[in-house]
Amino acid sequence: MTEKPIFNAPDIESERVNELSIKLFQAKEELARANEELKATQKQREEMLSNISHDLRAPLTAIRSALDVMLLSENLTPEEAREFLGTIDRRTRTLESMVNDMYYLFCVEDTGKKLDFEVIDAAPFFEEYFFDATTDTRYDDRDMQLDMAEDLSATIYIDVQKIIRVLDNLFTNAAKYSESGDTIKLSVKKDFSEGKEWLVIEVSDTGIGIPEEALPHIFGRTYTVSSARTPNSKTGSGLGLSIAKAVVERHGGRISADSVFGQGSTFRIELPLFSPGV
Ligand code: ADP
């Protein structure tokens with residue numbers, strides 16, 4: 001009498017086994033990659049939090065010191081009191097702008113939050129932005145130039161308020177890091193690269209420029225306010241360019257900067273042109 005086998009080996013062909021083990025290997029690789037990405041994001045967040053608390057500490061310390069002196073001094077003259085109050089006022093504004101910008105950046109980076117996209121005719125949009133800027137007193141003594149072909153025909157799909165915010169950040173910087181008589185130029189044109197049509201927007205200035213060693217870091221989220229980088233900036237949050245990068249990237253675009261220290265800077269934004277059906 002023949003014995004009944006205790007265990008029936010599953011009838012899997014060796015080809016199928018190979019296929020499954022390759023899939024298993026790929027899944028393992030993918031998991032390892034996702035894990036690495038998670039670790040990098042975690043590290044970035046930790047660095048950002050540490051930078052944020054470092055950056056918030058400077059204005060807070062200044063406010064605390066001014067208040068301490070005011071509380072402890074018995075014979076403050078009205079002029080001295082005004083001076084301390086002026087410091088508190090300035091530093092409080094810095095804090096406000098930092099907190100507002102941090103919140104704005106978190107919102108833009110949250111891909112779960114939808115942007116308000118609409119189809120826009122680029123030429124009138126940029127023309128209007130430029131002419132509004134020329135009436136702003138901040139640019140009164142700058143030589144404002146617009147370089148855009150009159151017959152530029154380009155449509156873009158953008159969140160108008162967010163792109164205005166990017167332009168505001170770049171224009172404010174151009175004014176902040178230049179002097180009376182310097183040129184601030186907005187140029188807008190079409191370009192074709194990587195098999196796609198782009199709208200290229202450049203904001204350039206003939207101001208102080210950016211040191212070569214700082215250039216790779218200026219868009220970094222963790223590279224924020226530093227008195228060494230921004231000796232004259234009293235109210236900047238240091239997040240303006242990080243916000244610009246986040247907004248442009250949520251539009252499927254790119255942003256970059258070129259600069260010659262002492263001669264000026266050019267910020268270049270590339271936005272994909274709108275093509276219906278895409
Ligand atoms: P901030 O509030 O410090 O201006 P940003 O993120 O807008 O923050 O800019 C980051 C840094 O890049 C600035 O601190 C400054 O050193 C440099 N920068 C930005 N735009 C310009 C410019 N147009 N000219 C020179 N330096 C600039």
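Remember, it's 1-based here, ligands and their atoms both numbered in the order they're listed.
Shown in contact with Lys176 at under 4.0 Å from a heavy atom are these atoms of ligand 1, numbered in order with element: 1 (P), 2 (O), 4 (O). Interface atoms of ligand 1 facing Gly209, defined by a heavy-atom separation under 4.0 Å, are 25 (C), 26 (N). Taking every non-hydrogen atom of Ser265 and a distance limit under 4.0 Å, the qualifying atoms of ligand 1 come out as 22 (C), 24 (N), 25 (C). The contact set between ligand 1 and Asp205, taken as ligand atoms under 4.0 Å from a residue heavy atom, comprises 22 (C), 23 (N). Near Gly240, the atoms of ligand 1 lying under 4.0 angstrom from a non-hydrogen atom of the residue are 5 (P), 6 (O), 7 (O). Less than 4.0 angstrom separates some heavy atom of Gly238 from each of these atoms of ligand 1: 1 (P), 2 (O), 3 (O), 6 (O), 8 (O).
Counting heavy-atom neighbours within 6.0 Å of Lys185 NZ, excluding the residue itself, gives a total of 12 or less.
Of the listed residues (Ile218, Ile210, Leu241, Asp101), the one carrying the non-hydrogen atom nearest atom 26 (N) of ligand 1 is Ile210.
Using a 4.5 Å cut-off on side-chain heavy atoms (C-beta onward), Met98 and Pro59 make contact. Taking 4.5 Å as the limit, every side-chain heavy atom of Leu170 sits out of range of all side-chain heavy atoms of Ile201.
No side-chain N or O of Gln145 forms a donor-acceptor pair with one of Asp147 less than 3.5 Å apart. In the model, Gln42 has a side-chain atom that pairs as donor or acceptor with a side-chain atom of Glu46 under 3.5 Å.
The residues Arg165 and Asp101 are annotated as salt-bridged, a charged nitrogen and a carboxylate oxygen being separated by less than 4.0 angstrom.
At a 4.0 Å cut-off, at least one heavy atom of Phe267 sits close enough to ligand 1 to count as contact.
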What side-chain donor-acceptor pairs closer than 3.5 Å can you find for residues 256-266, not counting sequence neighbours?
| from | atom 1 | to | atom 2 | distance (Å) |
| --- | --- | --- | --- | --- |
| Ser259 | OG | Ile210 | N | 2.8 |
| Ser259 | OG | Gly264 | O | 2.8 |
| Ser259 | OG | Ser265 | OG | 3.1 |

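With a 4.0 Å cut-off on non-hydrogen atoms, Leu239 touches ligand 1 through its backbone and not its side chain.
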